[in-house]
2 protein chains.
Amino acid sequence: MAVRLDATDRKILVELQRDADQSLDEIARNVGSSKTPVWNRIRKMRDAGVIRQTTVLLDPDALGLEACFFVLIRTSEHEAEWQRRFLEALRARPEVLEAHRLAGDIDYILKVQVANARAYDTFYQALISEVRVHNVTALLSMEVIKSTTSLPLKA
Amino acid sequence: MAVRLDATDRKILVELQRDADQSLDEIARNVGSSKTPVWNRIRKMRDAGVIRQTTVLLDPDALGLEACFFVLIRTSEHEAEWQRRFLEALRARPEVLEAHRLAGDIDYILKVQVANARAYDTFYQALISEVRVHNVTALLSMEVIKSTTSLPLKA
DNA sequence: CACCATTCAGGATATTTTCCTATATTGCAG
DNA sequence: CTGCAATATAGGAAAATATCCTGAATGGTG
């Protein structure tokens, strides 16, 4: 079900992306409305799937996950069965935070968050032993310049 | 202030990452405790910065942001002033969801979420007109295989 | 075993969510 | 422009929840 979002909806989403812990009254004040319409709009956007999840963002360093790798993968395999097993392997591994199938030269990109280079190597060895890939390049993040889950909304 | 996380803390974090809308009683039930210790532990982890933010994850497609690009950037510039301006430019642009400085051959990687290829080109032109970069490769995501903000926690 | 510090469960109160109702607003046909 | 129907709104009542307090339980230590 597609939902047409108006300016108030978008303001609410901006507030929720900024801080989902706010009370309805606070959000209502920030968007210039009252709690009932805000509540109805949030419920509607939840039901429509515009809002997918409320969650908490953790500090990777505080959890000892100090190494972030972007992994570029080329493969010569393109059969359905191989792909199914590859996707399953990625979905099953919690250190894989993102995985995209790409257009062009490089077939897949992964974002992998692990404790250190050794942990990455363990992950890498396990992955390539499970599914054959042609060429893998790992890019190691030295510094997170920016990291947000807030999608841009035309206010 | 570093916090030592025990098994209960990690269970709480797993629950909060899964669904931060749960009531304290629910979380307490799920981790086998009662609401007071859960509440105290959450507050402590918030204060310590382990929990950085409570937020809402939105569906990019529902907002008309149907194109996700990973952008690989090489530059010959490595002066402090250039870098400062480059970081500022990235932080100021809301379509840049992630930006990392990398080790090795490629200097930076960005994750950019936009409406379509045209919008990406607009972003790209604006960026290179603002700061000089040597070489830019854009990888277009065809399919999101996995996308999570949940960091792996040894339960 | 006794002491201290820490963590716990359960309860009291303040706050918030959830839903209802009556009013206001908007879009639209005549 | 006017009146009607559909929709959105503000405010309030009841239920649920967060927040904080108290006293009991626990675990490590001399």
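Quick caveat, the model's predicted, so the values are computed rather than measured. Lettering of chains follows the sequences in order, A, B, ..., and the numbering in each one begins at 1.
- When heavy atoms are screened at a 4.0 angstrom cut-off, A:S23 is found touching the sugar-phosphate backbone but no base atom.
- Taking the centre of each ring, A:F70 and B:H100 come in below the 6.0 Å mark.
- A:I42 places its CD1 atom 15 Å from the C1' atom of C:dC19, with the value rounded to the nearest Å.
- The CZ atom of A:R29 sits 14 Å away from the P atom of D:dA10 (whole-angstrom rounding).
- A salt bridge does not link A:E98 with A:K111: none of the charged nitrogens is closer than 4.0 Å to a carboxylate oxygen.
- Computed from coordinates, the A:I12 CD1 to C:dT17 P distance equals 13 Å when rounded to whole Å.
- Between A:S33 and the phosphate of D:dA10, there is a side-chain N or O to OP1/OP2 separation shorter than 4.0 Å.
- In this pair, B:Y120 and B:F69 present their aromatic rings parallel. The plane angle is below 30°, not in the 30 to 60° band.
- When rounded to the nearest whole Å, the span between CG of B:D21 and C1' of C:dT18 equals 14 Å.
- Not one side-chain nitrogen or oxygen of A:W39 sits closer than 4.0 Å to the OP1 or OP2 atom of C:dT17.
- For the pair B:D6 CG and D:dT26 P, the computed distance is 17 Å after rounding to whole Å.
- Under 4.0 angstrom from either OP1 or OP2 of C:dC8 there lies at least one side-chain N or O belonging to B:R41.
- Straight-line distance from the CD1 atom of B:I27 to the C1' atom of C:dA9: 17 Å, rounded to whole Å.
- Between A:E26 and A:T36, the residue whose closest nucleotide on DNA chain C is further toward the 5' end is A:E26.
- Nucleotide D:dA18 holds its P atom 17 Å from the CD atom of A:Q22, rounded to whole Å.
- In this structure, B:D9 places its CG atom 14 Å from C1' of C:dC8, rounding to the nearest Å.
- The side chain of A:S34 lies closest to D:dT9, out of D:dA18, D:dG12, D:dT9.
- Linking Ile, Leu, Val, Met, Phe, Trp and Tyr whenever their side-chain heavy atoms come within less than 4.5 Å puts B:V56 and A:V31 in one cluster.
- For A:K35, the listed nucleotide lying nearest its side chain is D:dG11; candidates were C:dT7, D:dT9, D:dG11.
- Along DNA chain C, the nucleotide closest to A:N40 and the one closest to A:D25 are compared, and the more 5′ of them pairs with A:D25.
- A salt bridge links A:R41 with A:D6: at least one charged nitrogen is closer than 4.0 Å to a carboxylate oxygen.
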